[in-house]
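Take a look at the structure below.
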Amino acid sequence: MNCNQEEFLICTIATLLESSQHVAVGMASPVPGSAALLAREETKGRIDGLRLSMIGGDANNPFTDGGRELFDCSGQGRFDTFFLGGVQIDGQANINLVGTGEYPAMERRFPGSFGSAYMYFVVPKVILFRPEHTRRVFVPEVDFISAPGTSEEGVYRPGGPHALVTELCLMIFDRKRKRFQLASVHPGHSVEEVLDNTGFEFDIPETVPETLGPTDHRLELLRTQISPKIAKTYPEFVARVFETAD
Amino acid sequence: MNCNQEEFLICTIATLLESSQHVAVGMASPVPGSAALLAREETKGRIDGLRLSMIGGDANNPFTDGGRELFDCSGQGRFDTFFLGGVQIDGQANINLVGTGEYPAMERRFPGSFGSAYMYFVVPKVILFRPEHTRRVFVPEVDFISAPGTSEEGVYRPGGPHALVTELCLMIFDRKRKRFQLASVHPGHSVEEVLDNTGFEFDIPETVPETLGPTDHRLELLRTQISPKIAKTYPEFVARVFETAD
Amino acid sequence: MAIFTTLDDLAQEIKDGTLIVLPPDYSNVPIAAVFALIRRRVKGLHLLFAPIGGIAGDLLIGAGCVKTLEAAAITMGEAGLAPRFSEAVQTNSIKIKDSTCPAIHTALQASEKGVPFMPLRGLIGSDVLNNRPDWQVITDPFDENHGPIVLLPAIQPDIALIHTRLADREGNVWIGKRRELVTMAHAAKTTFVTVEEIQEENLLEDERTATGTLPDMYIGAIARAKKGCWPLGLAGHYVPDGKAITEYVEAAKTQAGFEEWLEAHSVPQ
Amino acid sequence: MAIFTTLDDLAQEIKDGTLIVLPPDYSNVPIAAVFALIRRRVKGLHLLFAPIGGIAGDLLIGAGCVKTLEAAAITMGEAGLAPRFSEAVQTNSIKIKDSTCPAIHTALQASEKGVPFMPLRGLIGSDVLNNRPDWQVITDPFDENHGPIVLLPAIQPDIALIHTRLADREGNVWIGKRRELVTMAHAAKTTFVTVEEIQEENLLEDERTATGTLPDMYIGAIARAKKGCWPLGLAGHYVPDGKAITEYVEAAKTQAGFEEWLEAHSVPQ
């Protein structure tokens with residue numbers, strides 16, 4: 001079955017959630033949200049089935065104690081998986097959500113760090129999701145560290161980066177070596193293309209597999225079961241991405 | 001008009017509340033609660049009229065954020081007046097709510113310190129209320145300091161003891177001198193009786209007035225307007241104390 | 001991820017030595033679950049009240065279930081002193097960690113937030129502080145005058161144990177405006193709940209009920225217990241049984257009287 | 001002790017230089033009051049978002065009302081970047097205190113509790129921390145390994161400014177499950193509220209509504225403002241006006257376009 005880029009990325013992320021127990025999804029995250037809903041659907045009925053808490057909208061939002069509850073729960077260790085992005089991301093998995101140029105009067109200012117400076121430290125498995133794979137995004141060194149990828153010994157840090165998903169590839173982060181390793185390249189793209197468009201150094205194993213595309217069953221599940229659920233929180237996203245499902 | 005001891009004490013405390021803006025009343029405090037309701041009734045309609053927040057029961061209980069809200073409000077400085085008691089009280093206004101004898105395996109164990117170790121520090125005007133006026137209660141030195149009457153310089157302490165009301169007298173506490181001064185003796189009692197029954201030293205001015213008894217108007221207000229209100233929280237107390245009102 | 005079970009099976013899941021937090025007497029005290037714990041002869045509990053205890057504490061102490069007790073006070077209210085508690089302290093047969101109401105709220109909030117400690121004003125110069133080697137006094141780094149301030153370590157209970165009127169089939173639990181139950185549940189590793197009723201409709205789906213609902217994320221087990229607070233009351237549902245409480249206080253003045261009272265009341269339901 | 005007043009009189013009570021806290025875009029943002037503040041030409045505001053801002057911040061910045069801004073982010077969501085905010089930061093015309101969501105929640109909780117600071121995990125090694133000289137790193141006195149931890153000073157806003165659906169004649173305010181509004185109100189010296197409706201029945205007298213009610217103790221002033229969140233939404237009542245927000249973002253790309261848009265929309269009501 002053919003699928004579009006968003007569907008492919010949703011399924012790629014869903015695969016990364018297979019061992020997750022409780023996934024939290026922040027604001028403005030339709031692709032990670034869809035992936036988590038899909039992974040939950042696939043583990044439904046199992047005792048260790050995936051649990052999902054989404055802020056932003058009322059659907060799948062279990063919080064009743066105000067804006068701090070997501071962060072408090074994270075501090076309590078109730079989630080094992082969260083998603084972050086970045087205006088810039090570097091090879092140490094430092095992320096920048098604030099802007100480019102010299103802080104504070106930056107050349108280009110973006111919204112700000114949101115909860116990253118906390119969530120990146122306390123949620124065990126953080127998946128970085130940034131579709132645009134260019135040297136503008138993947139830089140040698142970020143201009144502003146909203147949240148560092150790694151910490152010195154002695155700093156309380158049960159959490160941190162696990163993987164990076166882009167429009168070209170999947171990378172896995174090695175926390176001990178403080179480096180990304182290319183895990184797979186999406187169909188239609190090459191290791192060379194990834195190298196050309198990445199501004200930081202990363203490890204490349206001898207053989208790099210192609211990222212597995214979604215099975216027909218998974219795509220159908222996504223289009224028929226998941227799209228109406230994600231539409232409760234992101235109607236415009238669903239209208240744009242899942243038009244093929246009509 | 002004749003009045004019983006509780007009515008007299010309620011009115012004595014109400015007089016102490018005349019400059020209060022916001023009185024908080026804790027659990028199991030029917031006399032202070034009645035006094036605060038009375039003082040509120042007497043300032044009703046005035047812009048600077050007394051405000052009252054009572055925990056224990058739903059009446060006059062404005063709290064909707066759980067057990068910590070009373071203490072949080074106190075920390076924020078929203079109340080200016082609170083009440084405390086004591087199994088023992090000494091001449092430095094240290095109070096003991098825990099027990100007598102050597103801690104922890106005391107000779108006689110009482111419930112515990114409740115919120116005193118905090119409220120005594122942060123609420124500007126704390127009125128100590130302990131009807132039993134004996135050397136068993138008013139001791140040279142308490143066996144356990146649930147909350148100290150005064151603090152060393154440098155300790156954050158906007159609050160502390162203002163007055164002590166007993167079945168015999170009213171004393172005012174001088175925070176600088178760290179001593180009580182006898183302010184008035186209730187009708188039918190004498191300075192000698194107070195001296196005989198107080199285990200700590202305190203100052204006695206040259207002339208000690210008699211505590212003013214309630215006016216007829218105030219007593220009537222208490223029996224007709226206040227008793228039904230206090231009955232919502234303390235029905236047994238009202239049945240016992242205000243039987244004369246029937 | 002709440003499991004629906006029976007009262008006695010719920011009690012079986014509370015192991016010896018567990019750190020349990022219980023609510024204050026005016027609010028949702030799970031006495032039926034306390035009876036079930038006594039029936040299963042639980043031992044060595046670390047019992048924390050948030051922040052004041054009453055008959056629940058006295059029962060567990062009298063039945064020999066408690067090793068350590070932390071509370072701002074244990075009181076039977078109008079009925080007088082708590083007899084089994086007083087005797088246990090006087091004879092040094094339990095370890096008592098005397099606290100003060102806001103210190104317990106604060107230590108639970110620290111656990112709720114996942115921080116190792118929180119500061120609290122007051123306390124300095126009290127024997128409450130002097131007998132708590134686990135509390136620390138530091139120089140307030142934000143105070144120009146370098147004054148002292150107390151830091152309280154977080155308390156993370158293993159289990160928050162509460163009774164409420166209502167749960168739904170998803171495991172969401174109605175707590176109304178008794179929000180100390182929210183703090184307790186957030187602070188604890190998991191929360192066990194006894195309820196009067198279980199309804200089909202999801203409590204989170206109506207904003208009026210969602211506001212007073214503890215989501216199932218925090219809930220480990222739910223069991224039905226009709227009149228589960230007796231002899232205490234459940235606000236808006238039934239009032240405390242003052243006569244039974246007074247009789248208890250009278251009977252429990254001796255250990256023999258306590259055990260007689262217990263045998264008459266702690267029957268399986 | 002709430003005073004009932006008009007929208008413009010309420011805005012008059014907010015003095016130049018006030019530290020105001022506003023709620024996040026998804027919840028009860030008092031845009032009608034923001035327009036009233038702009039009409040009265042308020043200056044030098046210290047604007048805090050709890051924790052993320054949107055059009056409310058962009059409007060006040062564009063109108064020259066803001067001296068200092070503290071937020072975890074300013075975003076127009078799907079509509080793109082906040083144009084007046086971005087330009088003001090890029091030209092250094094406002095002072096920006098970049099923060100992160102839980103740090104703002106925590107600093108407000110510290111004020112709510114009346115403590116000078118609260119600790120928070122994370123942050124260490126970030127440029128958020130490196131640019132906040134008001135935050136302190138200490139050695140965690142409870143950590144056996146002597147690791148570092150950040151202490152955040154309390155933030156006490158002068159005024160929390162919110163919009164809600166409903167208040168009652170006593171000055172109690174319905175907030176439902178938007179409990180960040182509770183933290184804001186508790187943390188601030190006083191709270192100013194605009195409402196869609198005022199009802200006669202006391203919200204505290206029914207437990208179902210009491211649970212989601214902010215008591216009048218915290219409220220300083222209440223004014224009616226129909227559709228007071230427009231062009232944002234009020235959950236359960238009206239949805240955001242996406243078209244108007246998109247038009248705003250387009251217009252406000254230049255200061256002239258912003259002023260034109262403002263003149264067309266910031267009319268007295």
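Just so we're clear, the structure is a prediction, and the values are computed from it rather than from any experiment.
- Between C/N131 and B/F144, the closest side-chain pair of non-hydrogen atoms falls below 4.5 Å.
- Across all non-hydrogen atoms, the minimal contact from B/F71 to C/C101 is CZ-CB, 3.4 Å.
- More than 12 heavy atoms of other residues, nucleotides or ligands lie within 6.0 Å of CZ in B/R135, so this atom counts as buried by the packing criterion.
- For residues 109-118 of chain C, the interface with chain B (any heavy-atom pair closer than 4.5 Å) comprises C/Q109, sorted by residue number.
- In this structure, chain B has a heavy atom under 4.5 Å from the side chain of C/L81, while its backbone stays farther away.
- When heavy atoms are compared at a cutoff of 4.5 Å, C/I52 approaches chain B solely by way of its side chain, counted from C-beta outward.
- A 6.0 Å sphere centred on CD of B/E132 holds more than 12 heavy atoms belonging to other residues, nucleotides or ligands.
- Summarising the local packing, CD of C/E78 is surrounded by 12 or fewer heavy atoms from other residues, nucleotides or ligands at distances under 6.0 Å.
- Within a 6.0 Å sphere centred on CD of B/Q5, heavy atoms belonging to other residues, nucleotides or ligands number more than 12.
- Counted within 6.0 Å of CD on B/E236, heavy atoms from surrounding residues, nucleotides or ligands total 12 or fewer; the atom is thus considered open.
- Residue contact with chain C, scored on non-hydrogen atoms closer than 4.5 Å, involves the side chain of B/V98 exclusively.
- Within a 6.0 Å radius of NZ in B/K229, other residues, nucleotides and ligands contribute more than 12 heavy atoms.
- In this structure, no portion of C/P51 lies under 4.5 Å from any heavy atom of chain B.
- Expressed to the nearest 0.5 Å, how far CG of B/D65 lies from CD of C/E180 amounts to 9.5 Å.
- Contacts of residues 102-130 of chain B with chain C at a heavy-atom distance below 4.5 Å involve B/Y103, B/P104, B/A105, B/M106, B/E107, B/R108, B/R109, B/F110, B/P111, B/G112, B/S113, B/F114, B/G115, B/S116, B/A117, B/Y118, B/F121, B/V122, listed in sequence order.
- Around the CD atom of B/E152, the shell of radius 6.0 Å holds no more than 12 heavy atoms that belong to other residues, nucleotides or ligands.
- Counting heavy-atom pairs closer than 4.5 Å to chain B, the top residue among C/H146, C/H105, C/R179 is C/H105.
- In this structure, no portion of C/S93 lies under 4.5 Å from any heavy atom of chain B.
- Between C/S126 and B/S146 the shortest side-chain heavy-atom distance does not fall below 4.5 Å.
- Both the backbone and the side chain of C/D98 come within less than 4.5 Å of a heavy atom in chain B.
- Your options are C/N92, C/I124, C/I104, and the one with the most heavy-atom pairs under 4.5 Å with chain B is C/I124.
- Each of C/D127, C/V128, C/N130 was evaluated against B/I145; a single residue qualifies, C/D127, per the side-chain contact (heavy atoms from CB on, under 4.5 Å) test.
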